[in-house]
S.K.: 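Okay, handing you the structure first.
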Amino acid sequence: MSDFSAGDAGASLQPLDIAWAQFDRAADVIGLSDDMRAVLKKPKRTLAVSVPTRMDDGSITVFDGFRVQHNLARGPAKGGLRFHPGVTLNEVQALAFWMTWKCAVVNIPYGGGKGGVICNPKSMSQGELERMTRRFATELAPIIGPDKDIPAPDVYTNSQTMAWFMDTYSTLQGATTMGVVTGKPISAGGSLGRNEATARGCVFTIREAAKIKGIDLNTATVSIQGYGNAGSIAHTLIAEMGAKVVAVSDSRGGIYSPDGLHAEALQNFKRETGSVVGFPNTEAMGSADVLTVPCDILIPAALEKSIDERNAPNVQARIIAEAANGPTTPRADANFRERNIMVIPDILANAGGVTVSYFEWVQNLQSFYWDEDTVNQNLERIMTTSFNEVYETSQRYEIDMRTAAYVRAIERVVESTELRGMFP
Ligand code: NAD
């Protein structure tokens, strides 16, 4: 997931470069002062930790881990923990930066955070992962907590990771502290609807965008890159709205069928075989080819930087909904602006995940749990309102949706920052 090797401007284009370029575009639109830009760009707090872990063979491996709190003006930091060999401090800082704007664009009371450990979870046993997670939680304990910083799952971490994390923090506190992380299993303080929330939120934004673009979802065609949590659930939900998913891919390759792919059958096939590749009655193609097949709606749900200036001109969709974080490079964005393709930016399109994480935290703090309909209705309200606020902003300033989302988010963070003032 954190492969930044491909893409325009080559490997030298760092995630934070992309993030700051997006921010500056919006800051220019609203004439943000240089002082405020400097305050808002830098992370508030960066913690680097060593995570010594006893391996199954008795040896000790010392992993490097990070937690970045980007901005706390609107509330405690919120953001995932990534376990991946490609984790870098630059990437974690960019992801924390994006979280600040994502929380602000959907108006939930959090700042941005992110964390990661440089490790290869695929080569580690469950026992090794548990010991590493518990030690990482111990090292982060001084700066996290339900009113300070609330981690969540990200790439190669899951609800089990969060259960270990919560248990470790609770042990250190001497008190069960459910609200220290979100994305927990239901039986350990999780929320109903959290697993589907990112895809569900994304599909609500697509529904609103389709109305504006005059696309009838009952006849629309869709292509999805990435068939994990976000991509595969988006398939199910958009098909329920009547759209036809004609192409999908995962890391092993892509498949295409102009007649449409059946969500449940394909998910069963992937569960049994490990990939979408080879699904009967489909045409095989490369993982990235699904980005450029004929379709009305494209959902990148895999890698950062998967759409760059080389493949952007060949994208045929009229709406791109970024379920993934950072899939579109700035030059690809420029191409889409020129061709009037609507990009629903990541900080809006995939904000459903953090929104239901917020609901989970609220339920934990109140020890009062909601039914799934209540979760989904509140998610729909927030995603629909946020989409329409961003669209109105894009019309008012005559700017693209990404820049409009940043404008909306920056306005909110600036307001809190100015009202709170600077200490000392
Ligand atoms: P996941 O690990 O469940 O799934 C990722 C999928 O991408 C897998 O199917 C994998 O095979 C596929 N993939 C990897 N490399 C690929 C390639 N080169 N071409 C095509 N497919 C490839 O991850 P996820 O949780 O679905 O996350 C996907 C994206 O969505 C990430 O950018 C993540 O940051 C973002 N996101 C996820 C959530 C969430 O709640 N799950 C929330 C916000 C953002």
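Atoms within each ligand, like the ligands themselves, are counted from 1 in listed order. Each residue takes its place number in the sequence, starting with 1.
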S.K.: Between G228 and ligand 1, is there a nitrogen or oxygen pair with a distance under 3.5 Å?
M.R.: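 For ligand 1, there is an N or O atom that lies under 3.5 Å from one belonging to G228.
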S.K.: Got more than 12 heavy atoms from elsewhere within 6.0 Å of CG, N218?
M.R.: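 Result for CG/N218: enclosed.
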S.K.: Please name the residue in the list K114, R82, K305 that meets the salt bridge (charged side-chain N to carboxylate O under 4.0 Å, His left out) test with E91.
M.R.: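 Going through the options one by one, the only one that passes is R82.
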S.K.: Regarding ligand 1, does G353 bring an N or O atom to under 3.5 Å of one of the ligand's N or O atoms?
M.R.: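 No: no nitrogen or oxygen of G353 is under 3.5 Å from one in ligand 1.
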S.K.: Is it the case that atom NZ in K44 sees more than 12 heavy atoms from other parts of the structure closer than 6.0 Å?
M.R.: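 No, not enclosed.
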S.K.: Taking everything shown except K148 itself, do over 12 heavy atoms lie less than 6.0 Å from its NZ?
M.R.: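 Yes, enclosed.
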S.K.: With the threshold set at 4.0 Å, does a side-chain nitrogen-carboxylate oxygen contact exist between D308 and R310?
M.R.: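 Between R310 and D308 there is a salt bridge, with a charged N closer than 4.0 Å to a carboxylate O.
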S.K.: Does E372 have more than 12 heavy atoms from other residues, nucleotides or ligands lying within 6.0 Å of its CD?
M.R.: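 For E372, atom CD is crowded (more than 12 foreign heavy atoms under 6.0 Å).
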S.K.: May I ask you to list the atoms of ligand 1 that are less than 4.0 angstrom from any heavy atom of Q225?
M.R.: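 Those qualifying, in numeric order: 19 (N), 20 (C).
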S.K.: Numbering the atoms of ligand 1 from 1, which are under 4.0 Å from a heavy atom of S287?
M.R.: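 Under 4.0 Å from S287, ligand 1 has these atoms: 19 (N), 20 (C).
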S.K.: Ligand 1 versus P327, non-hydrogen atoms closer than 4.0 Å: side chain, backbone, both, neither?
M.R.: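 Near ligand 1, P327 shows nothing, with every heavy atom at 4.0 Å or more.
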S.K.: Tell me which one of D149, T100, T182 satisfies side-chain hydrogen bond (donor to acceptor under 3.5 Å, both in side chains) with K78.
M.R.: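 Among D149, T100, T182, the one meeting side-chain hydrogen bond (donor to acceptor under 3.5 Å, both in side chains) with K78 is T182.
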S.K.: Test of understanding: given a 4.0 Å heavy-atom threshold, classify the contact between A323 and ligand 1 as side chain, backbone, both, or neither.
M.R.: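 Looking at A323 and ligand 1, just backbone atoms fall under 4.0 Å.
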S.K.: Got an N/O contact under 3.5 Å between N350 and ligand 1?
M.R.: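 There is no such contact.
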S.K.: Would you mind finding which of P300, A324, S251, C202 brings a heavy atom closest to atom 13 (N) of ligand 1?
M.R.: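 Residue with the shortest heavy-atom distance to the ligand atom: S251.
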S.K.: Does ligand 1 have an atom that lies less than 4.0 angstrom from a heavy atom of E196?
M.R.: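 Not so, E196 does not reach ligand 1.
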S.K.: Is it the side chain (CB and beyond), the backbone, both or neither of E322 that lies under 4.0 Å from ligand 1, heavy atoms counted?
M.R.: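 Under 4.0 Å from ligand 1, E322 contributes no heavy atoms.
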S.K.: For ligand 1, which atoms have a heavy atom of R194 less than 4.0 angstrom away?
M.R.: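 Heavy-atom distances to R194 below 4.0 Å select 40 (O).
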S.K.: May I ask you to identify, for N229, whether its side chain, its backbone, both or neither come under 4.0 Å of ligand 1 on a heavy-atom basis?
M.R.: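 The answer is both.
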